[in-house]
**Student:** 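Questions regarding the structure given below will be posed in turn.
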Amino acid sequence: MKRLAQHALFWPSATLALLLLVNGVLNPSFLAISWRDGHLFGNLIDILNRAAPLMIVSLGMTLVIAIRGLDISVGAVVAIAAAVAALLVGGGFSADGAVASRYPLWFALGAALMVAMICGLWNGLLVVKAGMQPIVATLILMVAGRGVAQLLTGGQIITVYYPPYYVLGSGFLLGLPVALWIAALLWLVLQLLATRTGLGLFIRAIGGNPEAARVAGVRAADIALCVYTFCGLAAGVAGLIISSNVKSADANSAGQLLELDAILAVVLGGTALTGGRFSLAGTVLGALIIQTLTATIYSLGVPPEVNLVVKAVLVFAVMLLQSAEFRALVLRTVRARAGAA
Amino acid sequence: MKHPLLPLGITIGLFVAMAAFGGVRYQGFLSLQVFLNLLIDNAFLCVVAVGMTFVILSGGIDLSVGAVIALTTMISAALLQAGWNAWAVMLAVLAIGAAFGALQGFLIQRFGLAPFIVTLAGMFLARGCCYLISTESIPITDATYTAIAQARIPAGLDASLTVGAAIAIVIVLAGMRIAHATEFGRTVYAIGGGESAARLMGLPVAATRVRVYLLSGFTAALAGIVMTFYMLSGYSLHAVGLELDAIAAVVIGGTLLAGGVGYVAGTLFGVLILGIIQTLIAFDGTLSSWWTRIVVGVLLLLFCLLQRLFEARSRRTA
């Protein structure tokens with residue numbers, strides 16, 4: 001039992017299980033899953049589908065935080081990728097009455113992801129080459145990026161009239177949401193890279209002590225550039241899923257506050273904000289916790305406004321638990337009580 | 001850095017150049033009222049940016065200020081609706097803002113938490129509390145508030161200032177004095193320059209750090225009051241993203257984000273530059289509002305790169 005409690009994934013799993021349990025007790029139909037319209041259907045499937053973009057962004061954020069970085073521009077990159085994809089796909093009825101996209105779908109998706117990667121690379125260059133603090137370097141793109149997205153869309157909400165594009169955000173494959181498959185695939189690839197290659201070790205080394213890692217021969221600068229670029233790519237994928245889900249791109253509100261949710265998911269999953277220690281599976285659980293929490297608040301009939309307060313309390317609690325000083329204080333208090341008794 | 005005033009000079013020079021550009025291009029741009037309007041329309045930003053300057057000088061960051069401003073407008077509107085005295089409301093919200101900031105400072109100092117994440121949670125909390133009060137906008141009809149909102153202070157040449165702008169000027173002057181002529185100010189610079197060195201010098205690092213965030217919470221609440229004069233309403237979506245504007249104003253004002261170097265006067269010009277960008281775009285009439293964001297982003301980039309350049313040079317000469 002004690003060894004179980006010490007496992008890195010224990011607390012996030014327990015939190016998620018507790019949330020689901022509360023839902024199951026208060027509303028037994030919450031946990032029900034049925035087969036409808038050729039795919040699985042139910043609250044849980046809905047949570048998985050909605051959590052997918054957050055999972056994807058948070059996976060990128062996990063690696064960035066693991067190398068002592070931070071990327072607060074992911075929300076803006078989501079908006080840019082969504083705008084590029086929506087503009088290039090466009091869609092409408094062609095002369096013969098069939099739906100057609102403006103450019104081939106593969107080209108639109110590829111271009112959007114390419115732009116997102118360039119955004120990530122830009123952040124990486126500012127951090128690695130110009131030596132800026134990560135929060136400042138990515139603040140620049142966070143401020144300007146949404147402006148760029150609005151410039152692309154002309155300040156309008158761009159609607160997509162091309163059903164094949166909808167598959168990403170609301171389609172199903174083998175009974176499960178396509179978005180979930182994408183998130184799962186991404187996690188699997190990262191997990192393999194982190195455990196079967198030296199990448200995981202290098203990232204831990206850089207996060208633990210950048211200077212020591214560099215001296216030991218880790219190509220810290222190159223890896224950091226790759227990590228930031230990947231974070232941009234992940235935000236781009238999330239942008240495609242989000243815009244596909246709502247069948248449009250809104251430069252003003254797409255991905256709003258997503259950077260905060262992503263950081264929260266990473267922290268909830270047990271990744272240390274000080275770098276060096278990271279858990280990809282924990283991050284996935286963290287994203288699920290956030291989405292389940294939102295769903296719980298809706299299903300309990302509590303006004304959704306409370307969501308932000310609950311999230312704030314959650315961040316404070318997790319933050320304090322991660323703080324060595326706080327744990328020491330609690331331990332001292334407990335010992336003093338035990339001593340007095 | 002050879003010339004500590006050089007970044008400040010660049011900021012002021014940029015402001016003068018933008019004003020000259022506007023004066024040459026657009027008729028009626030170079031009037032006193034246009035320039036006073038920069039201060040009137042950005043009074044709340046100016047007040048909150050002064051508090052942010054101290055936070056950044058100490059090497060920290062405060063992301064909660066926008067949300068604290070919104071919470072201040074909400075609490076003010078709700079209390080006034082409940083029939084409170086206007087002055088009592090102002091005192092109450094200032095106390096709440098200062099307490100909120102002090103609590104964040106305590107968490108950062110006592111438990112060694114990252115200022116970024118603590119104030120991020122604070123931002124969630126304050127915004128969430130706004131929604132708890134009401135999701136709708138609450139209008140303010142109190143006689144004292146409307147009288148203050150409509151009051152104009154003559155500033156010569158047929159131009160005038162609002163009370164909010166006057167408060168902003170007072171806060172900038174007070175900020176300059178606190179930064180350069182008090183023990184607290186010197187300690188803030190020392191912490192930003194090197195925390196362990198400051199501690200070894202026997203400076204009250206812990207207390208000062210808590211007071212820095214207290215000051216930031218206080219200025220955010222004061223900015224919230226100035227905003228209620230400006231908007232005459234409380235709304236949970238007031239001041240969304242204002243923390244970014246405040247940070248941008250401080251950086252453009254020449255304060256190093258690493259802490260330890262910068263001037264409150266620079267922040268004033270940072271705010272004025274943000275204001276003049278909006279005014280230039282409004283005078284032009286053909287550019288859309290999102291150009292403001294792009295231009296601010298580009299300026300941020302230029303100033304950050306410039307800072308890196310200065311740091312690199314000072315290291316070489318050291």
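Here is how names work: the chains are called A, B, and so on, in the same order as the sequence lines, proteins then strands, and each is numbered from 1.
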**Student:** For chain B, find which of A:Leu260, A:Val148, A:Ile263 contributes the most heavy-atom pairs closer than 4.5 angstrom.
**Tutor:**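 Highest number of pairs under 4.5 Å: A:Leu260.
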
**Student:** Verify, without hydrogens or angle tests, whether B:Arg293 (side chain) and A:Val143 (backbone) share a donor-acceptor contact under 3.5 angstrom.
**Tutor:**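 Here the side-chain-to-backbone pair exists.
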
**Student:** Between B:Leu301 and chain A, which part of the residue has a heavy atom less than 4.5 Å away: side chain, backbone, both or neither?
**Tutor:** both

**Student:** Please rank A:Ala130, A:Gly147, A:Ala149 by heavy-atom pairs under 4.5 Å with chain B and give me the top one.
**Tutor:** A:Gly147

**Student:** Of the non-hydrogen atoms in B:Gly297 and A:Ala144, which two are nearest, and what is the gap between them?
**Tutor:** CA-CB, 3.9 Å

**Student:** Which answer fits B:Val295, side chain, backbone, both or neither, if we ask what part of it has an atom under 4.5 Å from a heavy atom of chain A?
**Tutor:**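 Contact with chain A: none, neither part.
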
**Student:** Where does B:Leu125 contact chain A at under 4.5 Å (heavy atoms): side chain, backbone, both or neither?
**Tutor:** both

**Student:** Do other residues, nucleotides or ligands put more than 12 heavy atoms under 6.0 Å from B:Trp290 CH2?
**Tutor:**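 Atom CH2 in B:Trp290 is packed in, count exceeds 12.
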
**Student:** Within a 6.0 Å radius of atom CZ on A:Arg277, are there more than 12 heavy atoms belonging to other residues, nucleotides or ligands?
**Tutor:** no

**Student:** Tell me the closest heavy-atom pair linking B:Gly122 and A:Phe316, and the distance in Å.
**Tutor:** N-CZ, 4.0 Å

**Student:** Between A:Leu329 and chain B, which part of the residue has a heavy atom less than 4.5 Å away: side chain, backbone, both or neither?
**Tutor:** side chain

**Student:** How many angstroms lie between atom CD1 of B:Ile294 and atom CG of A:Leu151, to the nearest 0.5 angstrom?
**Tutor:**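 With rounding to 0.5 Å, CD1 (B:Ile294) is 4.5 Å from CG (A:Leu151).
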
**Student:** Answer with side chain, backbone, both or neither: which region of A:Gln150 has an atom nearer than 4.5 Å to a non-hydrogen atom of chain B?
**Tutor:** both

**Student:** What verdict does the side-chain contact (heavy atoms from CB on, under 4.5 Å) test give for B:Phe116 and A:Ile72, after you've listed the backbone C-alpha separation in whole Å, the side-chain angles of each residue and the deciding distance to 0.1 Å?
**Tutor:** CA-CA 11 Å; B:Phe116 161 73; A:Ile72 56 172; 4.2 Å; yes

**Student:** What residue in B:Leu244, B:Leu132, B:Thr135 has the most heavy-atom pairs under 4.5 Å with chain A?
**Tutor:**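 Ranked by heavy-atom pairs under 4.5 Å with chain A, first place is B:Leu244.
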
**Student:** Walk me through it: do A:Phe326 and B:Leu113 pass the test side-chain contact (heavy atoms from CB on, under 4.5 Å)?
**Tutor:** CA-CA 10 Å; A:Phe326 182 77; B:Leu113 302 173; over 6 Å; no

**Student:** Tell me, side chain or backbone of A:Ile135 under 4.5 Å from chain B's heavy atoms, or both, or neither?
**Tutor:** side chain

**Student:** Below 4.5 Å, heavy-atom pairs only: which of B:Cys304, B:Gly112, B:Ala114 has the largest tally toward chain A?
**Tutor:**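 It is B:Cys304.
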
**Student:** Find the distance between CD1 (A:Ile140) and CG (B:Leu305) and round it off to the nearest 0.5 Å.
**Tutor:**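 It comes to 7.0 Å.
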
**Student:** Please walk me through it: do A:Val136 and B:Val251 pass side-chain contact (heavy atoms from CB on, under 4.5 Å)?
**Tutor:** CA-CA 10 Å; A:Val136 183; B:Val251 173; 5.6 Å; no

**Student:** Measure distances from B:Leu299 to the heavy atoms of chain A and classify the residue's part below 4.5 Å as side chain, backbone, both or neither.
**Tutor:** neither

**Student:** Just give me the residue among B:Ile117, B:Val298, B:Ile61 that pairs up with chain A most often, heavy atom to heavy atom, under 4.5 Å.
**Tutor:** B:Ile117

**Student:** To check you understand the geometry: which heavy-atom pair defines the closest contact between B:Gly128 and A:Leu308, and what is its length?
**Tutor:**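 Distance-wise, the nearest heavy atoms are CA-CB, 3.7 Å.
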
**Student:** Which one wins on heavy-atom pair count under 4.5 Å against chain A: B:Ala121, B:Cys130, B:Ala126?
**Tutor:** B:Ala121

